Amino acid sequence: MSSQRKQFPFSDFEPKWQQRWEAAAAFRTPNPGEPDFDPSKPKYYVLDMFPYPSGSGLHVGHPEGYTATDILARWRRMCGYNVLHPMGWDAFGLPAEQYAVKTGQHPAVTTANNVKHFKAQLQRIGFSYDWSREVNTTDPNYVRWTQWIFLQLYNSWFNPTTKRAESISTYTGDNPDDVRLAYVAEMPVNWCPELGTVLANEEVTDGKSEVGGFPVERRPMRQWMLRITAFAERLLEGLDALDWPESIKLLQKNWIGRSEGAFVDFTLKDGGDNFTVYTTRPDTLFGATYMVLAPEHPLVAQITSTEQKEAVENYVRTVASKSERDRQDASKEKTGVFTGAYAINPVNGASIPIWIADYVLTGYGTGAIMAVPAHDDRDHAFATKFNLPIVKVVQESPSPGDASVPPATSYFTGDGVAINSGILDGLPTAEAKRKITLWLEERSLGRAAVQYKLRDWLFSRQRYWGEPFPIIWENGRHRALDESELPVRLPELHDFKPTGTAEPPLSKAKEWLRHSETAVRELNTMPQWAGSCWYYLRFCDPHNDTCFVSEEAARYWLGDGSNQPGGVDLYVGGTEHAVLHLLYSRFWHMVLHDLGFLPTPEPFQRLVNQGIILGADGQKMSKSRGNVVNPDDVINDYGADAFRLYEMFMGPLEQMKPWSMKGVEGVYRFLARVWRLVMQEDQEGRWQMSDAVADIEPTASQLRTLHATIKKVTADISTLSFNTAIAQMMVCVNELTSAEKRPASALRTLLVLLSPFAPHIAEELWERLGEKFSGFGGLAQSQDWPRHDESLLVENEVEIVLQINGKVRGRLVVSKDADREQLETAARADEKIAAQIAGKKIIKVIAVPGKLVNFVIG
RNA sequence: GCCGGCGUGGCGAAAUGGCAGACGCAACGGACUUAAAAUCCGUUUUCGCGAAAGCGAAGUGCGGGUUCGAGUCCCGCCGCCGGCACCA
């Protein structure tokens, strides 16, 4: 291909237009307050998930979503919107640091190189980003505000009364450190003794380090945490008003994991402390035949009998040495040990044994459960293995006609009617839950409760290449730095190797870590999520050095929250961020909103996930499979416009689909046909204006096709159905190609429609036509978006289908206005139909104007 | 195991409950050419009948259902892909 003559000179005009756009700052979007800002226009904020600039450069997956948003951005501009369409770099992260460990090259250098490469690649595709708003999460001017937001979190708390984040100064309790949204806790992390470092979850596979395959263990370490759990309810409720795919909302809902149930207090048979369990099935309390504590439960050491002491201690040790993943493998057989202690069931005084087992998790509920083996699969598996009693307390409502008796050893987890449950007998599950909860509350033995699976966010990393915390330690206590001391810059290090101890790499910066005679800096850094949590805010006001985003800019670009809760109008990115990034962003946004810094309660109104692009072999693209497609190669051979167009023509945006070079050639040929609508080659092979282009009126048919195309392209862009929009433009081009003379006015409209998709060729042809015809002033991309004339689309005559019993038996051309009766009369007069209904009993006739007539005959 | 999404020609895919397969790829035939490429025109769901225009039947993963009419709606399966995974 590359050796062949190009079908149109894209390699000449694509760079030419890119340079012109850049020189003219064609995509710069002024902010409110700037001289060229037009407040009369509505705003549209269309955002891509910004990339991590990896060393391997862009792959064809990135530009899929980017092309979609670029078309939207260009289209909205042509529709008269102020469009915010920015791009930046999520540039902190592991690969640059690991590269630094290997080569000694500073991550900042690697990052700068990669950013340069990525940016050049993106610019070659002709995206209409406002590069004057480019942000980089590693830029000290950006880090400063990331740290500033952390300070807001540190200096605020969740007021359970108002259910909002408030300044910590409104907290009246003893110790503010107990309630800060950013707090310190001992948390287990992935510690790899061989590598002498802490690993992120994604660096650990099957309990081994990704690098080297060394064993990884859980080890408690002091960590910074963010109190996202306080916002669980609001994060859940907020989803309803967002235009997100239902599947993504569901993913977040499941992640938050709300459940309703009750705390129930149990007493120990031999006295001592009481303990509390959480259950979603208080109605099965009479069926609790044993208790289970998590191995880490504080009561374990206390209650264990002397006979069981050794067994219990062994078990606790074994469990502690296991990785989180090993431990949470639900498919493995249950394990556990009897503590020797007994608890008293508050409802019936029964004495039931207390076990410990690792299937009960510390950190959820109370870390203790009442086990009801007849009505819970996990309890059932455990009871069966250890021969514990199983008492049935819920009767499954028999399905009609089902006489089969479930075996005595089975369990049933659904709703039914309470049995063997004293005061609850005969009550359906829902009522039994209510009654027993009330009963417990009246006696102060328990209370209704809501629990969430969501955990607080472990926010610190033992890494170099991340944002330093604006925190210092003095006399064993942490303290926030003053805003005026921001940004806290990373120290220059030359040795990025892990310390081999639990100390983060920043501990090597001996000078840096000393804040004063008595105070030292926090040595952890923030996770990569931190910078990506709020970049969409910075884009609104990227150069502001007095605040992270001005009130005015935020209010304009995000809206005032009155029409919709979300600020960004359209956010496009991969599903891999469905939970973490999108949940963390919502959390930060919510806090900043509560504190009065942001007008809207939610960050992203409409979310669309683009599908993954597979290799030509239908497999996931990967270097090892050798099926990776490099955008640069495609652009070299077919041009940026063809690349863009193919990315969109492959199929629906959200769908997973395989790459095909033949498909690229298809859209390339389409663009060549567009080119030849306007241009032809002379004897020497030079391109010149085609003789077929003329200043004439389009034919009726051409006009109809053109307006049908305006209508369909417009509708399809707004639903992101780019593949069908392109198909319609192909139809239009095919019709114009076959015409002897091509009306310049029709070409004009076509180029305007095409310009968001293939901006370079549209601009080039627009310019060339302008040399000879009127109506081509300015740039194609600055034209008003055309409107279709519906009256041109209505045909006077339509072909309808004649059916007998739903099967097509003939066709008929009728007036578009023909009503039901006229249709039926015309249909009966049709020869074929007449022949087939002759002598038959007509049961029913369905006539749908403009569509069909269907005879139902006996 | 649980929760989502998707199953339509040789391939990527289109189809407000109303002519299944638009558009593109591939293949085949023709025009142009000394020739090839490129380009342009045409054919192409499958099966049967026909020399042919055409005619008939079947057809959207499988099995049922609702409806005058189902790729589309409902019920039950199967397969593939993705997410979560002992959350009491």
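Naming convention: chains lettered A, B, ... in sequence-line order (proteins, then strands); numbering from 1 in each chain. No experiment lies behind these values; they were computed from the predicted model shown.
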- [ ] Report yes if the side chains of A:R644 and A:P63 come closer than 4.5 Å at any heavy-atom pair, otherwise no.
- [x] no

inquiry  = Once you apply a heavy-atom cut-off of 4.0 Å, does A:L361 come out as touching a base, just sugar-phosphate, or nothing?
reply    = base

Taking Watson-Crick and G-U wobble contacts under 3.5 angstrom, with | marking pairs to another strand and [ ] crossing pairs, the secondary structure of RNA chain B is written (((((((..(((.....[....))).(((((.......))))).(((((....)))))..(((((..]....))))))))))))....

Of the listed B:A58, B:U39, B:A13, the closest approach to the A:R669 side chain comes from B:U39

>> Suppose we call a contact any N or O donor and acceptor under 3.5 Å apart; does that hold for the side chain of A:K851 and the base of B:C19?
In response: no

In A:L750, A:L765, A:V693, the residue satisfying side chain to side chain contact (heavy atoms under 4.5 Å, CB included) with A:L677 is A:L750

Taken to the nearest whole Å, CG/A:N254 to P/B:C86 is 14 Å

**Study point:** Rounded P spacing from B:U43 to B:A22 in Å
**Key:** 12 Å

Side chain to side chain, A:F8 and A:Y668, heavy atoms closer than 4.5 Å: yes

Quick note, A:P658 side chain, CB onward, closest among B:C68, B:G12, B:U39 is B:G12

Which of B:G18, B:C3, B:A88 is nearest the side chain of A:V848? It is B:G18

Does A:Y359 have A:K334 sitting over its ring (NZ/CZ under 6.0 Å from centre, angle to axis within 45°)? yes

Given the 90°-from-0 boundary between syn and anti, B:G9 should be labelled syn

(message) Any base atoms under 4.0 Å from A:Q451, or only sugar-phosphate, or nothing? Heavy atoms, all strands.
(response) nothing

Listed pairs, N/O of protein and of nucleotides 71-82 of chain B, under 3.5 Å:
none

In whole angstroms, the gap separating C1' of B:G83 from CD of A:Q252 amounts to 13 Å

Separation of B:G24 atom P from A:Y638 atom OH, nearest Å, is 17 Å

Under 4.0 Å, heavy atoms only, any strand: does A:K662 hit a base, just the sugar-phosphate, or nothing? sugar-phosphate

Any donor-acceptor pair under 3.5 Å linking the side-chain atoms of A:T575 with those of A:N609? no

dist A:E296:CD -> A:I356:CD1 (nearest 0.5 Å) comes out at 9.0 Å

Of B:A85, B:C3, B:A26, the nucleotide closest to the side chain of A:W255 is B:A85

Look at the rings of A:W659 and A:Y646 and say which category their plane angle falls in: under 30° parallel, 30 to 60° tilted, over 60° perpendicular.
perpendicular

Among B:A14, B:G12, B:G18, the one nearest any side-chain atom of A:K657 is B:G12

(message) For A:H577 and A:H581, take the angle between the two ring planes, folded into 0 to 90°, and tell me which bin it lands in: parallel under 30, tilted 30 to 60, perpendicular over 60.
(response) perpendicular

Against the side chain of A:Y278, the closest entry in B:A14, B:A88, B:C19 is B:A88

- prompt: When you compare B:A57 with B:C3, how far apart are their C1' atoms, in angstrom units rounded to a whole number?
  reply: 43 Å

Give the intermediate values and the outcome of side chain to side chain donor-acceptor pair (under 3.5 Å) for residues A:T67 and A:E647. CA-CA 8 Å; A:T67 305; A:E647 289 258 357; 5.3 Å; no

Please state whether the rings of A:Y290 and A:F382 are parallel, tilted or perpendicular, taking 30° and 60° as the class boundaries.
parallel

Given the options A:D641, A:V733, A:I761, A:L754 meets side chain to side chain contact (heavy atoms under 4.5 Å, CB included) only with A:I761

ask   = Just checking A:V360: base, sugar-phosphate only, or nothing, at a heavy-atom cut-off of under 4.0 Å?
value = base

Side-chain atoms of A:N854 come closest, of B:C68, B:C25, B:A88, to B:C68

query = When rounded to the nearest Å, what value does the distance between C1' atoms of B:G29 and B:U66 take?
reply = 47 Å

**Study point:** Atom P, compared across B:G24 and B:U72: separation rounded to whole Å
**Key:** 27 Å

A:E333 CD to B:C86 P, in whole Å, measures 17 Å

Notebook entry, point to check: Given the rule in the side-chain contact (heavy atoms from CB on, under 4.5 Å) test, do A:V277 and A:M291 qualify, once you have shown the distances and angles that lead to the verdict?
Noted result: CA-CA 9 Å; A:V277 302; A:M291 315 290 295; 3.6 Å; yes

Notebook entry, point to check: When all nucleic acid strands are considered with a 4.0 Å heavy-atom cut-off, which category describes A:T279: base, sugar-phosphate, or nothing?
Noted result: sugar-phosphate

Pairwise N/O distances under 3.5 Å, protein to nucleotides 20-23 of chain B:
none

Q. If we take the P atom in both B:A27 and B:A38, what is their distance in whole Å?
A. 10 Å

#### Entry: Span that lies between the P atom of B:C77 and that of B:G21, in whole angstrom
33 Å

(Q) Between B:G56 and B:G61, how many Å separate the two P atoms, rounded to a whole number? (A) 26 Å

Side-chain atoms of A:I846 come closest, of B:C19, B:C68, B:A57, to B:C68

Using the P atoms only, state how far B:U8 lies from B:C73, rounded to an integer number of Å.
16 Å

Side-chain contact check for A:K334: nearest option of B:A14, B:C86, B:C25 is B:C86

Q) Is the closest basic N to carboxylate O distance between A:K657 and A:E64 below 4.0 Å? A) yes

| request: May I ask you to test the A:R434-A:T437 pair for a side-chain heavy-atom distance under 4.5 Å? | output: no

